[in-house]
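Computed from a predicted model, the values in this text were never measured in an experiment. One-based numbering along the sequence shown.
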Amino acid sequence: RGAGLAGAAGLAADKATKTPFPPSEGVAAHAGERALAYGVITRALGDAFNFCPPLIITHDEIDQLFDASKRALDDTLAWRRSLAAR
């Protein structure tokens, strides 16, 4: 179908049991919105945070991708915890 890079991080409601968040809660979608705010385009598929950088990505750009993704996931964790605290 094509050549390229693809990566995904599964987002779990319970890390120990790997229980996913229900897609209806929009956790992966929220992570994608936060990633976009940091300049990274992602795709939410169910409970996964997906990204497909181009094959010509540089080492520095990969570092930027992961730094922005980490920030987006940290934001999402804080958002999810704020919902649970209500």
Side-chain angles (χ1 to χ4, degrees):
R1 291 187 170 203
L5 272 167
L11 306 180
D14 183 328
K15 190 175 179 179
T17 64
K18 298 182 182 173
T19 303
F21 287 102
S24 62
E25 291 186 16
V27 175
H30 186 272
E33 290 171 11
R34 295 306 308 144
L36 187 57
Y38 296 120
V40 175
I41 297 172
T42 64
R43 182 174 180 199
L45 293 173
D47 64 338
F49 176 79
N50 300 272
F51 44 93
C52 300
L55 282 175
I56 59 169
I57 194 168
T58 67
H59 289 280
D60 288 340
E61 290 168 335
I62 290 171
D63 290 342
Q64 292 171 7
L65 169 81
F66 281 104
D67 289 344
S69 296
K70 180 188 180 315
R71 290 171 61 195
L73 292 171
D74 288 344
D75 289 356
T76 301
L77 177 60
W79 167 75
R80 187 65 179 89
R81 285 181 173 163
S82 73
L83 292 178
R86 292 182 186 174

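Ionic pairing of Arg71 and Asp67 is not present here: no N-O contact between side-chain nitrogen and carboxylate oxygen is shorter than 4.0 angstrom.
A continuous path of hydrophobic side-chain contacts links Phe49 to Ile57 [ILVMFWY only; heavy atoms under 4.5 Å]. Two different hydrophobic clusters hold Ile41 and Leu55 under the rule that ILVMFWY side chains link at heavy-atom gaps under 4.5 Å. Under a hydrophobic clustering in which Ile, Leu, Val, Met, Phe, Trp and Tyr are joined whenever their side-chain heavy atoms come within less than 4.5 Å, directly or via other members, Val40 and Ile62 fall into the same cluster.
Ala35 approaches Ala72 most closely through the heavy-atom pair N-CB, 3.4 Å. Between Ala48 and Ala28, the closest heavy-atom pair is O-CB, 3.5 Å. Closest heavy-atom contact between Ala31 and Leu11: CB-CD1, 4.3 Å. Contact between Ala8 and Asn50 at its shortest, heavy atoms only, is CB-OD1, 3.0 Å.
Below 30°, between 30° and 60°, or above 60°: for Phe66 and Phe51 the angle between ring planes is above 60°, a perpendicular geometry.
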Using side-chain contact (heavy atoms from CB on, under 4.5 Å), reason through His30 and Arg80 one step at a time and then give a plain yes or no.
CA-CA 9 Å; His30 186 272; Arg80 187 65 179 89; over 6 Å; no
Under the criterion side-chain contact (heavy atoms from CB on, under 4.5 Å), I'd like the reasoning laid out for Arg34 against Trp79: C-alpha separation, chi angles, the key distance, then a yes or no.
CA-CA 10 Å; Arg34 295 306 308 144; Trp79 167 75; over 6 Å; no
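The local environment of CD1 in Ile56 is sparse, with at most 12 non-hydrogen atoms from other residues, nucleotides or ligands closer than 6.0 Å.
The backbone N or O of Gly10 lies less than 3.5 Å from no partner atom in the side chain of Asp47, so there is not a single donor-acceptor pair.
In this structure, the separation between CG on Leu65 and CG on Leu5 is 9.5 Å, given to the nearest 0.5 Å.
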